**Q** 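Quick one: structure below, then a few questions.
By convention in this document, chain letters (A, B, ...) are assigned in the order of the sequence lines, proteins followed by strands, and residues within each chain are numbered from 1. Bear in mind that the values here come from a model prediction, so they are computed numbers and not experimental data.
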There are 2 protein chains.
Amino acid sequence: MASKGKKESNRPGEFELIARLAKFGAASELQGSETVLTGIGDDAAVVSTFSDQMLLTTDAIVDGVHFRSADERWFDVGWKCAVSNISDIAAMGGTPDHALVTLGVPPGASVETYEDFYAGMNDAFKNFGGRIVGGDVVSSATMFVNLALTGHPSVGPDGTTRTLTRDEAKLGDMVCVTGPLGSSAGGLEVLLSGLTNPSGQILIDRHFRPTPRVALGNALVACGVRCAMDISDGLIGDLEKIAKSSNVGITIDIPNIPLASELIFMVGTSAVDLALGGGEDYELAFTAPELIVNSLPFEVRNQISVIGAVTSDKQDAGSVRVLDKDGGNYEPIRKGWDHLNG
Amino acid sequence: MASKGKKESNRPGEFELIARLAKFGAASELQGSETVLTGIGDDAAVVSTFSDQMLLTTDAIVDGVHFRSADERWFDVGWKCAVSNISDIAAMGGTPDHALVTLGVPPGASVETYEDFYAGMNDAFKNFGGRIVGGDVVSSATMFVNLALTGHPSVGPDGTTRTLTRDEAKLGDMVCVTGPLGSSAGGLEVLLSGLTNPSGQILIDRHFRPTPRVALGNALVACGVRCAMDISDGLIGDLEKIAKSSNVGITIDIPNIPLASELIFMVGTSAVDLALGGGEDYELAFTAPELIVNSLPFEVRNQISVIGAVTSDKQDAGSVRVLDKDGGNYEPIRKGWDHLNG
């Protein structure tokens, strides 16, 4: 649709780069390869389906917005790109299956950059499920990566297929999170400050290598939980999405929010605001009746914190109240990231 | 992973733009909505699967590479973006099902731009199958759109699930195309030349509104065809992909290549080179034994041209020979687009 005349260039062309990158897809064939009938190199991938229902999600990262190419932390960027998508599947209580990767390649990009990036993505898939089965490579002035990921849902306690959605919060539900929160945002602050010490390094690692809660999401479905999402844009902003979708109000208590000791050590009382508003923790927030929360197996119960309750389904619908240790209203400094105006 | 501090802005933020764009997904609900269990607005879409096998493809378009934002032909850009993905499903003999759309939104973008763009995409989906069930919106200095599309395969003459792949060309097969070819590239040349007349307009329309061959692909599978791909990068370059994947040689005869009368009228003898090397026709190229080609129903046979044969599986494997009307070797001017160096 635009001028596409060929130019001389020493960098690898599309077909060569695709051929070189195809091997990274092939490298993850050890895992689940029996589900891939036709992989990279045809018009579309052909894969087996696992269930009569399928989960579909997509997330893109852009140079200068979600990562900085100048940092050259390609393995980490690849890991996080995969995790942000895997986390969406986890937030539905599902298991990741098949990924399509689109590379927007800027002038002068090197194959080595993408080798490291793919290694990071594949490491995340190896740890949490899923594999790359196809993609696209396009020229772009701005470097970007888009990942589209399929998954399959889990089975609830009644033996039927169930997903965790945002519109199932009910009056009286407990509000819970896997945790701790704020560590990723804390890691970014530590990184930008230039300070280094063991606590700071733990936070930086949480920033660059977040963990999607796939197994926990699966376990929640198995126990009868119906309402969840992942915390990618900040606790308050994300809980507001549940409150709006479910047409309920939510109240949370600051003293109950799980904080990493390293975060408190590094940033002091700012830890609360990082936990309330910081993004990219990729923990899960969910609501469920007390009976179900109390029935969670010890190894699940041990990883979650009850931070509040679904308090009203009439007034305050769609809103989140934050209470301080004295029960007074707490006004958070920031409510979450808006990716367009960020 | 990068600085994401909030800035003041008058343009719609991510959440507002997502909310406004969600209705365009909802607008296509008339069609196939019973397969979408959870649509736009949760962590992932939940959809029904149609078969024990699934097709997956993705294609991105970038401002200045695949379209020019300055042209403001947003409906056309949306149409073509959808068609390039639908065509990949058609090339596997399948039917499009569910799409995820990622928008890379540059500073100052308007909602109206995306309304027109979505209208074009949804019109293509309405005509050829598939619907938008989710996506992502990110900030990007360079405007881009990524589309990921699922589909389901068709059933072959023996009642089993079959796909059209590139590695099934066999010695003695006829080489066929749906046609005519070169019209999209001709339309671009007409457009760039600034000429306008009825023939030129037909070519320009072929450039902006190509037709994916979904029904034809389905029909080929039903008749026992096994080997096909879509012609998106130019006939010779794409046939070389079949030749390489199948480890065969292919010979085609120029006089048999279908050309639109409008193309011959507008560009004369250059028509052949546009047909051989021009991209984005989104017609299908396939190979099949003569017995199968001759058994195609009249309405299918009527839409295809036999342009050559699979000639050798030993020497010349992976290569395409082009013969002129006297049987001599024809050296094409260009062999196809390379999207990275284009």
**Q** Which one of Asp167(B), Leu164(B), Leu100(B) has the most heavy-atom pairs closer than 4.5 Å to chain A?
**A** Leu100(B)
**Q** To the nearest 0.5 Å, how far apart are CG in Leu56(B) and CG in Leu56(A)?
**A** 8.0 Å
**Q** Going through the distances and angles, do Val62(A) and Phe144(B) end up as a side chain to side chain contact (heavy atoms under 4.5 Å, CB included)?
**A** CA-CA 11 Å; Val62(A) 179; Phe144(B) 72 88; 4.0 Å; yes
**Q** For the interface with chain B, which of Thr163(A), Thr165(A), Ile242(A) has the highest count of heavy-atom pairs at distances below 4.5 Å?
**A** Thr165(A)
**Q** Report which part of Thr150(A) has an atom under 4.5 Å of a heavy atom belonging to chain B: side chain, backbone, both, or neither.
**A** side chain
**Q** Please determine which of Thr102(B), Thr58(B), Val101(B) meets the side chain to side chain contact (heavy atoms under 4.5 Å, CB included) test together with Thr58(A).
**A** Thr102(B)
**Q** Out of curiosity, Ser48(A) OG to Met54(B) CE, how far, rounded to the nearest 0.5 Å?
**A** 9.0 Å
**Q** Which bit of Asp59(B) comes within less than 4.5 Å of chain A, counting heavy atoms only: side chain, backbone, both or neither?
**A** both
**Q** Asp43(A) and Thr57(B): side chain to side chain contact (heavy atoms under 4.5 Å, CB included), yes or no, with the steps?
**A** CA-CA 7 Å; Asp43(A) 295 290; Thr57(B) 189; over 6 Å; no
**Q** For Ile61(B), is it the side chain, the backbone, both or neither that has a heavy atom under 4.5 Å from a heavy atom of chain A?
**A** neither
**Q** Given the options Ala91(B), Gly134(B), Ala148(B), which has more heavy-atom pairs under 4.5 Å with chain A than any of the others?
**A** Ala91(B)
**Q** Could you walk me through whether Gln53(A) and Val47(B) pass the side chain to side chain contact (heavy atoms under 4.5 Å, CB included) check?
**A** CA-CA 6 Å; Gln53(A) 289 181 25; Val47(B) 298; over 6 Å; no
**Q** What residue in Ile89(B), Asn146(B), Asn85(B) has the most heavy-atom pairs under 4.5 Å with chain A?
**A** Asn146(B)
**Q** Just so I understand: if I count every heavy-atom pair under 4.5 Å between each of Gly187(A), Gly104(A), Ser87(A), Gly135(A) and chain B, which residue has the most?
**A** Gly135(A)
**Q** Could you tell me the separation between the NE2 atom of His66(B) and the OG atom of Ser140(A), rounded to the nearest 0.5 Å?
**A** 9.5 Å
**Q** Checking Ala90(B) against chain A: side chain, backbone, both or neither under 4.5 Å from a heavy atom?
**A** neither
**Q** Does the pair Lys241(B)/Asp42(A) count as a salt bridge with the N-to-O cut at 4.0 Å?
**A** no
**Q** For the pair Val46(A) and Met92(B), evaluate side chain to side chain contact (heavy atoms under 4.5 Å, CB included) and give the outcome as yes or no after the intermediate values.
**A** CA-CA 9 Å; Val46(A) 187; Met92(B) 303 297 284; 3.5 Å; yes
**Q** Give a yes-or-no answer on whether the side chains of Thr142(B) and Thr142(A) include a donor-acceptor pair shorter than 3.5 Å.
**A** yes
